[in-house]
Amino acid sequence: MIPIYEFDRISPEMLLNRDIQAEENVSAAVDGIIAAVRQRGDEALRDYTARFDGVELKDLQVSEGEIEAAWEAVDGEFRTTLQMAADNIRRFHEQQVHRDFVLTDRPGVVMGQRYTPIERVGVCVPRSPVAFPSTILMNVIPARIAGVSEIVLVTPPEKDGSVSASALAAAKIAGVTKIFKVGGAQAVAALAYGTETIPRVDKIVGPGGIFVATAKRKVFGRVAIDMIAGPSEILVIADGKCDPRWVAADLLSQAEHDVLASAVLVTDSRDLAEDVRTEVEVQLARLPRREVARRSIDDNGKIIVTESLERAVEAANLIAPEHLELCVEEPFALLPLVKNAGSIFLGRSAPEALGDYFAGPNHTLPTSGTARFSSPLSVDDFVKKSSFLYYSREAISPVADRIADFALREGLYAHAQSVLTRK
């Protein structure tokens, strides 16, 4: 049963202990996988796919025929849902596009900044139990808006060697360039270094388990990555007027993800805390994934009681959750107090699942407290910034001595001379 704590009596360690690091044997295994993929390319990918996924593959790439067959196999109602979700995601992310700027306010001086898209991006999509269509939409659409020209998707095959029709339909709508039936650390290695079939990319994005996270950490520097994602998290702030059934359902929506997932309720009502604890048990018994949710709730679930909703937000800011629900009567009054959260859901009718699938804001979010300093996946993740400047000879001459003096104070004689020769 989910435990209840008083906020003023719970230790910081219990609040913040979510640092998921790879075990030494995981790290060593990932090193071996990366080395094998670098040395043996597609052959290693086929071997690992047979070993880890139980599938013998001849062709690693999903064919156009498979994509078209999947599109036809998906029922029209779900295709409409996918298209509506994609439209919502595009509408939101189009607001993130930056504009180049140029400063010409001084004679003979031109300065500015321009944005250029990353050329090739790899998207990792886990299979749990099937490749998530929502993850495809959320990772691919912002890249398309940014102007990325080639988007390579990797996902483990199902037991029959296919990729789910729903995932392929989402990939078609989102605008994926190539799709490969490869997952895990071996997929990350293939994207980072390239193989005979899979092209090397400039950045890798997308979630995965501990092997994918460890591989992304190891190839960072060779390629860019979006983040090191940990287990999923939800923190619900609820007042005493909330329906405990809704709150329990929202907590379990994360608990069913993974045994390491974290579901936390913070409330100013002891009565609600008790009611939610009871309701979690009622609903948990009905879940198809109740064994996973049971372990998540028992090991990582918490209910924290505070003296006020303002104190509840203090607790949330300390935890810095991936998903934060303000399930209260006046959510917009609390919003300015929130400092650390990946995505914020306002009011009683905005469950976290709304953001996972449909509303538009991205669901690839910082976890494990990293919302203190990082942000959701966005168009920004798929562009680079370059500054530029121009000085005429007439503009550089009056400041040349100052620049040279600056360089000499740092012990850089050639820097100084490069300016002085232009006087």
- Query: Does the salt bridge (charged side-chain N to carboxylate O under 4.0 Å, His left out) test come out yes or no for Glu274 and Arg270, once each step is laid out?
  - Reply: CA-CA 6 Å; Glu274 297 286 355; Arg270 183 79 193 196; 3.5 Å; yes
- Message: side chain to side chain contact (heavy atoms under 4.5 Å, CB included), that's the test. Do Ile179 and Ile67 meet it? Break it down for me.
- Response: CA-CA 9 Å; Ile179 306 170; Ile67 296 171; 4.0 Å; yes
- Start with the C-alpha gap between Arg46 and Glu43, add the side-chain angles, then the distance that decides, and say whether salt bridge (charged side-chain N to carboxylate O under 4.0 Å, His left out) holds. CA-CA 5 Å; Arg46 291 189 180 91; Glu43 180 188 3; over 6 Å; no
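Put simply, CD on Glu329 and CG on Leu334 are 11.5 Å apart, with the number rounded to the nearest 0.5 Å. Interatomic distance, Leu252 CG to Ile2 CD1, rounded to the nearest 0.5 Å: 8.0 Å. To the nearest 0.5 Å, atoms CZ (Arg217) and CD1 (Ile210) are separated by 7.5 Å. We find the CD-OH distance between Gln39 and Tyr193 to be 11.5 Å, quoted to the nearest 0.5 Å. Interatomic distance, CD1 of Ile297 versus CG of Leu251, reported as 6.0 Å (0.5 Å rounding).
Arg9 and Glu6 are not joined by a salt bridge, as no carboxylate oxygen comes within less than 4.0 angstrom of a charged side-chain nitrogen. Between Arg348 and Asp239 there is a salt bridge, since a side-chain N of the basic residue sits under 4.0 Å from a carboxylate O of the acidic one. A salt bridge is defined here as a Lys NZ or Arg NE, NH1 or NH2 lying under 4.0 Å from an Asp or Glu carboxylate O, and Arg277 with Glu281 fails to meet this definition. A salt bridge between Glu314 and Arg311 is present, with a side-chain N of the basic residue lying under 4.0 Å from a carboxylate O of the acidic one. Taking 4.0 Å as the cut-off between side-chain N and carboxylate O, Arg245 and Asp243 count as a salt-bridged pair. Salt bridge annotation for Asp226-Lys216: present, with a cationic side-chain nitrogen under 4.0 angstrom from a carboxylate oxygen. Here Asp47 does not pair with Arg51 in a salt bridge; the nearest charged N to carboxylate O distance is not below 4.0 Å. Salt-bridge formation is not detected for the pair Lys384/Glu119: no Lys NZ or Arg NE/NH1/NH2 atom is positioned less than 4.0 Å from an Asp or Glu carboxylate oxygen. Ionic pairing of Glu72 and Arg79 is not present here: no N-O contact between side-chain nitrogen and carboxylate oxygen is shorter than 4.0 angstrom. Salt bridge annotation for Asp87-Arg90: present, with a cationic side-chain nitrogen under 4.0 angstrom from a carboxylate oxygen. Comment: Arg127 engages Asp53 in a salt bridge, judged by a side-chain N to carboxylate O separation of less than 4.0 angstrom.
Shown here for Gly301 and Pro3, the closest heavy-atom pair between the two residues is O-CD, 3.4 Å. The shortest heavy-atom contact between Ile33 and Ala185 is CG2-C, 3.9 Å. In terms of heavy-atom proximity, Ile204 sits nearest to Ala192 at CD1-N, 4.1 Å.
Taking the six-membered ring for Trp and thresholds of 30 and 60 degrees, Tyr115 and His98 have nearly parallel ring planes, at less than 30 degrees apart.
With contacts defined as side-chain heavy-atom distances shorter than 4.5 Å, the pair Gln61/Val152 does not qualify. Side-chain contact between Val247 and Thr267 is absent, with no heavy-atom pair separated by less than 4.5 Å.
For Arg294, the CZ atom is densely surrounded, since the number of other residues' heavy atoms within 6.0 Å is greater than 12. Within 6.0 Å of atom CZ in Phe78, more than 12 heavy atoms from other residues, nucleotides or ligands are found, so the atom counts as buried in its surroundings.
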